[in-house]
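Only this structure's heavy atoms are used, side chains among them; waters, hydrogens and symmetry mates stay out. Numbers here are sequence positions counted from 1.
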Amino acid sequence: MYNIGLLNVKGALPLFENYGYLPTNIVKSDGTVENGKLAHETLDGIIIPGGSIMESKSITPELESEIKKINDNDGFILGICAGFQILSNQVNVGRNSPCPIIRKGMKLLDVDFDPLINTNQVKADIVEDNTLFTKGLKNTQITGFHCHTYGKIENRSVPVIYSDIKRSNYKNKSERVLSGVSNDKGNILGTSIHGILDNNPKIVENILEYIGAENDYKNIKERNKLLQNKIFNEIGVETKTYFTPKNLNKDTIPPVIMMVGTGSESGKTFLTAGIVGALRKQGVQTYVLKIGPDIRDLTPSLYINKEPMTEYSSIKIGDIGWMDLKEVLEKIKNKGYDLVIIEGVMSAVTGLLNKKTPYSTAEIAHAANIPTIMVSSVNKGGIETAGITIQSHIDLLKKLGIRTKGVILNMTYDKEIVEIVSDYINIHSNISKDSIWSFSKVKSNNSGFVPENYLQLEDFTSNAIKLIEENLDLNKFISLAEKVNFKGYLEFEEISSKYKN
């Protein structure tokens with residue numbers, strides 16, 4: 001029987017993609033598989049997924065030893081994104097730090113990583129076929145997507161794949177970047193490309209051929225389905241707490257709600273992840289979509305709900321992002337989601353006056369009459385300023401025909417001022433007081449609560465869930481969502497006129 005491992009430790013995203021339906025065994029943090037046997041004694045190869053494995057320091061000495069022994073036994077090792085970083089010499093995870101924050105890797109691939117943000121769907125070229133993965137594929141083009149903060153590679157290993165990207169570090173800049181390298185022996189591949197197995201079946205065939213399992217793929221896929229169900233049903237990693245679905249949505253179209261902000265760093269990603277996790281613990285399966293191209297914002301929610309990144313995860317605005325809203329709304333039908341949350345980008349009105357349409361969160365909300373929750377952090381201007389800013393956003397959205405059904409004051413510090421500001425919003429917007437929530441600042445050892453900062457998914461999500469469970473009426477939140485339909489985008493002239501008036 002052929003056995004292919006999938007690393008499932010804190011910070012890993014084992015269902016972020018399907019990995020060609022190859023994995024048959026979970027590999028745990030102690031270096032064992034489910035039957036208690038050591039990984040190198042059981043496995044023909046291992047897949048190390050993306051996530052925050054490096055930042056979370058999830059690789060124990062026992063696990064590192066087992067992975068290295070798989071290499072010694074000539075088993076295959078495929079590291080994707082964070083899995084690639086784990087195989088490297090080191091990663092500088094301090095993008096916004098005045099000095100590098102270095103995390104050491106296993107040194108199975110002679111590469112170093114530095115910050116470079118990239119969230120493109122990509123076409124990539126295989127330039128080397130002297131590996132088990134790319135055998136016979138030199139000069140072949142493959143597809144997938146990037147979703148990383150640390151993508152600048154200093155390489156001394158064998159270059160295997162180059163990606164053509166259109167945007168990096170928030171700027172439109174077409175360039176060709178190294179996105180895959182191998183060891184000299186050719187049994188280890190590290191790559192930045194997610195979906196490399198799902199989108200490119202010939203690579204899967206090469207792996208099966210290498211381990212002698214060409215005629216056993218049907219059995220492997222059956223075992224993979226059992227494995228995916230096992231991973232999906234557990235809440236978190238090695239918690240032995242399981243998701244029991246309530247199946248609230250009996251129809252084909254799930255209700256939708258949008259988290260919009262008064263600016264960047266309002267807390268949309270953190271709060272959305274907490275809501276997803278708290279609902280999942282109650283048996284409610286929630287999927288999250290992102291407006292714009294920065295799909296990194298989705299990883300905390302996908303870490304919790306164990307759903308894959310999909311082609312419809314990113315809603316296109318202007319010429320950035322992945323898929324148009326109309327098509328996205330068709331894609332989310334019949335998926336079994338109880339609720340869909342759309343996370344906005346920056347302020348609800350950022351990009352509103354760009355002549356490309358749609359180019360803002362507000363335009364996406366209007367196009368399908370999606371109800372919104374307005375989120376604002378009070379840590380920069382105080383609670384009073386946040387209240388006034390929230391109300392001005394609500395008033396402008398109302399002019400555009402967009403309904404704000406709830407408000408979250410984030411990182412508050414004074415209950416009496418919160419009460420006064422809540423009354424102000426209630427009086428001026430007619431939003432009921434039970435739909436105006438206040439969350440105090442979370443104390444955490446995590447170094448960053450936005451994706452481009454040093455981020456530990458386990459700490460990030462557990463703190464978010466705790467905050468939501470203690471402060472948010474989940475039933476009320478669900479009741480604010482509605483089933484929506486695409487009706488079309490506003491013309492720029494109409495937007496400009498309503499903005500001025």
Side-chain angles (χ1 to χ4, degrees), residues 16 117 119 147 170 254-280 285-305 307-317 320-325 328-329 331-332 337-351 358-368 370-377 393 397 402 404-408 410 437 439 448-453 455 457 460-461 464-465 467-468 472 477-478 480-482 484:
F16 197 64
I117 295 170
T119 56
C147 179
Y170 305 110
V256 180
I257 196 158
M258 184 181 291
M259 300 285 279
V260 304
T262 58
S264 294
E265 299 184 31
S266 59
K268 298 185 296 294
T269 298
F270 183 69
L271 297 174
T272 299
I275 292 166
V276 168
L279 288 174
R280 196 167 199 271
Q285 187 64 11
T286 308
Y287 195 72
V288 181
L289 307 171
K290 175 67 181 179
I291 296 174
D294 200 351
I295 54 171
R296 294 174 306 147
D297 287 345
L298 298 175
T299 55
S301 292
L302 295 180
Y303 179 72
I304 295 169
N305 70 11
E307 290 276 2
M309 187 75 74
T310 67
E311 61 181 346
Y312 55 85
S313 292
S314 162
I315 298 173
K316 195 170 185 179
I317 50 174
I320 57 176
W322 289 7
M323 184 176 286
D324 186 77
L325 175 63
V328 169
L329 295 178
K331 291 284 186 180
I332 63 175
Y337 305 135
D338 297 311
L339 176 70
V340 171
I341 299 176
I342 300 176
E343 182 183 331
V345 57
M346 301 180 74
S347 160
V349 296
T350 301
Y359 210 76
S360 67
T361 295
E363 290 164 88
I364 296 296
H366 180 274
I370 302 167
T372 65
I373 303 291
M374 183 68 65
V375 181
S376 183
S377 172
H393 274 71
L397 293 186
I402 301 164
T404 306
K405 298 185 72 173
V407 168
I408 296 177
N410 194 23
W437 293 284
F439 300 154
F449 282 99
V450 290
E452 57 262 44
N453 285 344
L455 177 66
L457 280 171
F460 186 96
T461 55
I465 293 169
L467 181 72
I468 293 301
L472 185 69
F477 182 86
I478 292 173
L480 301 179
E482 297 178 9
V484 300

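In this structure, CG in D297 is found 10.5 Å from OG in S314, a value given to the nearest 0.5 Å. Note that the CD1 atom of I364 and the OG1 atom of T372 stand 13.5 Å from one another [nearest 0.5 Å]. The CD1 atom of I408 sits 5.0 Å away from atom CG of L271, with the distance rounded to the nearest 0.5 Å. In this structure, T299 OG1 and I304 CD1 are separated by 10.0 Å, a value rounded to the nearest 0.5 Å. Atom CZ of F270 sits about 8.0 Å away from atom CG of N410, to the nearest 0.5 Å. Atoms OG and NZ, on S376 and K268 in that order, are 10.0 Å from each other to the nearest 0.5 Å.
The shortest distance between side-chain heavy atoms of W322 and I315 does not fall below 4.5 Å. Side-chain contact between I291 and I342: present, with at least one pair of heavy atoms (C-beta onward) separated by less than 4.5 Å. Side-chain contact check for V276 versus L279: every heavy-atom pair is 4.5 Å or farther apart. At a threshold of 4.5 Å between non-hydrogen side-chain atoms, the residues I341 and T286 count as touching. The side-chain heavy atoms of E265 and S377, taken from C-beta on, include no pair separated by under 4.5 Å.
Under a cut-off of 6.0 angstrom, the local environment of CE in M346 is sparse, with at most 12 non-hydrogen atoms contributed by other residues, nucleotides or ligands.
Remark: side-chain polar atoms of D338 are paired, donor with acceptor, to backbone N or O of Q285 under 3.5 angstrom. Proximity of a side-chain donor or acceptor of K331 to a complementary backbone N or O of Y312 within less than 3.5 Å is not detected.
T269 and E343 form a side-chain donor-acceptor contact under 3.5 Å, judged by distance and modelled atom types alone.
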